[in-house]
Asker: 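Pasting a structure below so you can have a look.
Lettering follows sequence order; numbering is per chain, from 1. Values in this document were obtained by computation on a predicted structure and should not be read as measured data. Just the heavy atoms: all of them, side chains too, but no hydrogens, waters or symmetry mates, feed the values below.
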Protein chains: 2
Amino acid sequence: MTLDTRTERRTAPLSKTQIVEAAISILDREGEDALTFRALATRLVTGSGALYHHVASKDDLLAAATDDLIAHVTRQAASEATPEQALRTLARGVFDTLQRHPWIGSVLSRDPWQYAVVRLIESIGQQIQSMGVPGPAQFNAATAVMSFILGLASQHASRARLFPPGADQTALRDVALRSIAARWMTLEPSEHPFVREVAKILPDHDDREQFLGGVDIIVRGLRSLREDAMDGDGSDFCR
Amino acid sequence: MTLDTRTERRTAPLSKTQIVEAAISILDREGEDALTFRALATRLVTGSGALYHHVASKDDLLAAATDDLIAHVTRQAASEATPEQALRTLARGVFDTLQRHPWIGSVLSRDPWQYAVVRLIESIGQQIQSMGVPGPAQFNAATAVMSFILGLASQHASRARLFPPGADQTALRDVALRSIAARWMTLEPSEHPFVREVAKILPDHDDREQFLGGVDIIVRGLRSLREDAMDGDGSDFCR
DNA sequence: GACACGAATGGAACGCCGTTCCAAGACGAT
DNA sequence: ATCGTCTTGGAACGGCGTTCCATTCGTGTC
């Protein structure tokens, strides 16, 4: 018997870029959980099986989408005057990209060897080299910065899981922070002096400022590392 | 009609601690993916439905398991002489715990407001206060350290996903690192000078040393922060 | 001691997922 | 025109977290 219910075949062929773009759009507009091969197939007016001819797996798809966006960030950082500036630009760029596409956080922290991460390490490492961090410490320093960024990434990822896109993000964030601060205030005071102190300023804090504050601490640490190395060379400026 | 196939009811009652312990044991011995409510029910000789009377969801279960283990780490750090020592002990403790129970990494990075994370922030924050970091910067500093630790956590989590437990971990790690280094060496040299340099030392590096190196950088940054604040008080020692 | 009733139990069922399979169309080379 | 290869898309598979619910146990009340 013939299947007369079979739908028409598409005329224009599918392509990986096309699929990746559709995936990014779904992720941005409907959140991480909304990206399924069924949903993607519906949006591209095809079947889920067809997608597997262009994309090896869901992880492959997510890695490709993430790499697209991270590549854009590292390109920006490459054109800064001083290495410290470049490092800050890179950090800011990652922050803003995570803000706009928070699902990237999940992907970045899923596999530290994916190309998007290699891109970031390369970019960070080049700046650390130019900063004059001594050779053997360069790798440590670069991975420390990378770890810090990945930590940020996972925070953004769970923020996105908490409030999927659509609603007024800033309002939701405000409510959520207030409720967390309230919960923290109910904790045993003698065991949680710090957290209870923090709870007071939590609702008013600025994520971005806080992140850049962290970057500043690390940059200071790197400077200190370099100066200690220079001390060894007899170039102690403080004497 | 009566169902004669129905199995016997258990005599000793279930409890949340019992369930959490069984979950930890499965996670440690068979890996993250092996923990399913079906597997857990089989191991505890019960049905999956019964578990939901003691545990709200899988996330709840994972959070409870993680909190158990993290609480142990923060308790250790609390009894150190100097705050810098305590910070290092905390970091070392987290590292070693992640090494033994790498699935914790996934859980920690899933939800930054779970109690295990609050425990860590409190512990970090107390040390940062004693270090004399100026008030307004304390929160930034604590979350920076937390971010760094979460970054480490996510790296461990994906290591665990890469090689589920059972096999010879160190041998597998060695092979994996060598293959990654080899892949990095095939990258376009002009665009990846740093990563290709790193590839040479990658197979021989020590994760733990590297992590502690990162902690050192951050501690240096914190010292620098404190000294700048003291400068403002006229206590500049370098003049 | 009989009874009622809430809590605990455990197995079946639901809805969804990523992935695989494969019959059927499209199309270039011969 | 015919064949072989690549692409398509829908159905099917196995497994997941979770929900549902008939059954059973333990306990307080009369």
Asker: Are F139(A) and E197(B) packed together at the side-chain level, in the sense that at least one heavy-atom pair is separated by less than 4.5 angstrom?
Answerer: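 Result no, sub-4.5 Å side-chain heavy-atom pair not found.
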Asker: What is the separation between atom CG on L40(A) and atom P on dT19(C), rounded to the nearest whole Å?
Answerer: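 Checked: the CG to P distance equals 12 Å.
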Asker: Any base atoms under 4.0 Å from L35(A), or only sugar-phosphate, or nothing? Heavy atoms, all strands.
Answerer: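 The residue L35(A) makes sugar-phosphate contact but no base contact.
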Asker: Could you pull out every donor-acceptor pair under 3.5 Å between side chains of residues 105-114 of chain B and any protein atom, sequence neighbours left out?
Answerer:
| unit_1 | atom_1 | unit_2 | atom_2 | d |
| --- | --- | --- | --- | --- |
| S106(B) | OG | E32(B) | OE1 | 3.2 |
| S106(B) | OG | E32(B) | OE2 | 2.8 |
| S106(B) | OG | R161(B) | NH1 | 3.4 |
| S109(B) | OG | G105(B) | O | 2.7 |
| S109(B) | OG | S106(B) | O | 3.4 |
| D111(B) | OD1 | W113(B) | N | 2.9 |
| Q114(B) | NE2 | V107(B) | O | 2.7 |
| Q114(B) | NE2 | D111(B) | O | 3.0 |

Asker: Ignoring hydrogens and angles, write down the donor-acceptor pairs under 3.5 Å from the side chains of residues 67-76 of chain A, residues two or more places apart or on other chains.
Answerer:
| unit_1 | atom_1 | unit_2 | atom_2 | d |
| --- | --- | --- | --- | --- |
| D67(A) | OD1 | R119(A) | NH1 | 2.6 |
| D67(A) | OD2 | R119(A) | NH1 | 2.8 |
| T74(A) | OG1 | A71(A) | O | 3.1 |

Asker: Please tabulate, for side-chain N and O atoms in residues 57-65 of chain B, each donor-acceptor pair with protein atoms closer than 3.5 Å (sequence neighbours left out).
Answerer:
| unit_1 | atom_1 | unit_2 | atom_2 | d |
| --- | --- | --- | --- | --- |
| S57(B) | OG | D59(B) | N | 3.4 |
| S57(B) | OG | D60(B) | N | 3.2 |
| K58(B) | NZ | L35(B) | O | 2.7 |
| D60(B) | OD1 | K16(B) | NZ | 3.4 |
| D60(B) | OD2 | K16(B) | NZ | 3.3 |
| D60(B) | OD2 | A56(B) | N | 2.9 |

Asker: Pull out every residue in residues 22-32 of chain B that has a heavy atom closer than 4.0 Å to any atom of DNA chain D, ordered by number, or say none.
Answerer: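 Output list: empty, so none.
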Asker: Expressed in angstrom and rounded to an integer, what is the separation of R38(B) atom CZ from dA13(C) atom P?
Answerer: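 To the nearest whole Å, that distance equals 13 Å.
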Asker: Could you tell me whether D96(A) and R92(A) have a side-chain N and a carboxylate O separated by less than 4.0 Å?
Answerer: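 Not counted as a salt bridge, because no side-chain N and carboxylate O are separated by less than 4.0 Å.
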Asker: To the side chain of L14(A), which of dT19(C), dG17(D), dT8(D) is closest?
Answerer: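 Ranking dT19(C), dG17(D), dT8(D) by closest atom to the L14(A) side chain puts dT8(D) first.
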Asker: Provide, to the nearest angstrom, the distance between the CG atom belonging to L62(B) and the C1' atom belonging to dT18(D).
Answerer: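 L62(B) atom CG is separated from dT18(D) atom C1' by 15 Å.
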Asker: dT18(D) P sits how many Å from F37(B) CZ, rounded?
Answerer: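 From F37(B) CZ to dT18(D) P: 6 Å.
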Asker: For L61(A) and dC17(C), what is the distance between atoms CG and P respectively, to the nearest whole Å?
Answerer: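 Going from CG in L61(A) over to P in dC17(C) covers 15 Å.
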Asker: Classify S48(A) by what it touches in the nucleic acid, base, sugar-phosphate, or nothing, heavy-atom distance under 4.0 Å.
Answerer: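 Result for S48(A) = base.
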Asker: Within this structure, what is the CG-to-C1' distance between D33(A) and dG17(D), rounded to whole angstrom?
Answerer: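 One finds 13 Å between C1' of dG17(D) and CG of D33(A), rounded.
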Asker: Whole Å only: how far is the CG atom of L44(A) from the P atom of dT7(D)?
Answerer: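 In whole Å, dT7(D) P and L44(A) CG are 16 Å from each other.
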Asker: Please tell me if H54(A) has a side-chain N or O lying less than 4.0 Å from either OP1 or OP2 of dT7(D).
Answerer: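 False: H54(A) side-chain N/O out of range (4.0 Å or more) of dT7(D) OP1/OP2.
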Asker: What residues form a side-chain hydrogen bond (donor to acceptor under 3.5 Å, both in side chains) with S25(A), not counting sequence neighbours?
Answerer: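 side-chain hydrogen bond (donor to acceptor under 3.5 Å, both in side chains) check on S25(A) returns R43(A).
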Asker: What pairs with R173(A) under side-chain hydrogen bond (donor to acceptor under 3.5 Å, both in side chains), at least two apart in sequence or on another chain?
Answerer: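 D207(A).
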Asker: Can you tell me the distance, in whole Å, between the NE2 atom of H53(B) and the P atom of dC21(D)?
Answerer: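 After rounding, the gap between these two atoms is 13 Å.
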Asker: From the list dT18(D), dT19(C), dT8(D), which nucleotide is the closest neighbour of the side chain of A50(A)?
Answerer: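 Nearest listed nucleotide: dT8(D).
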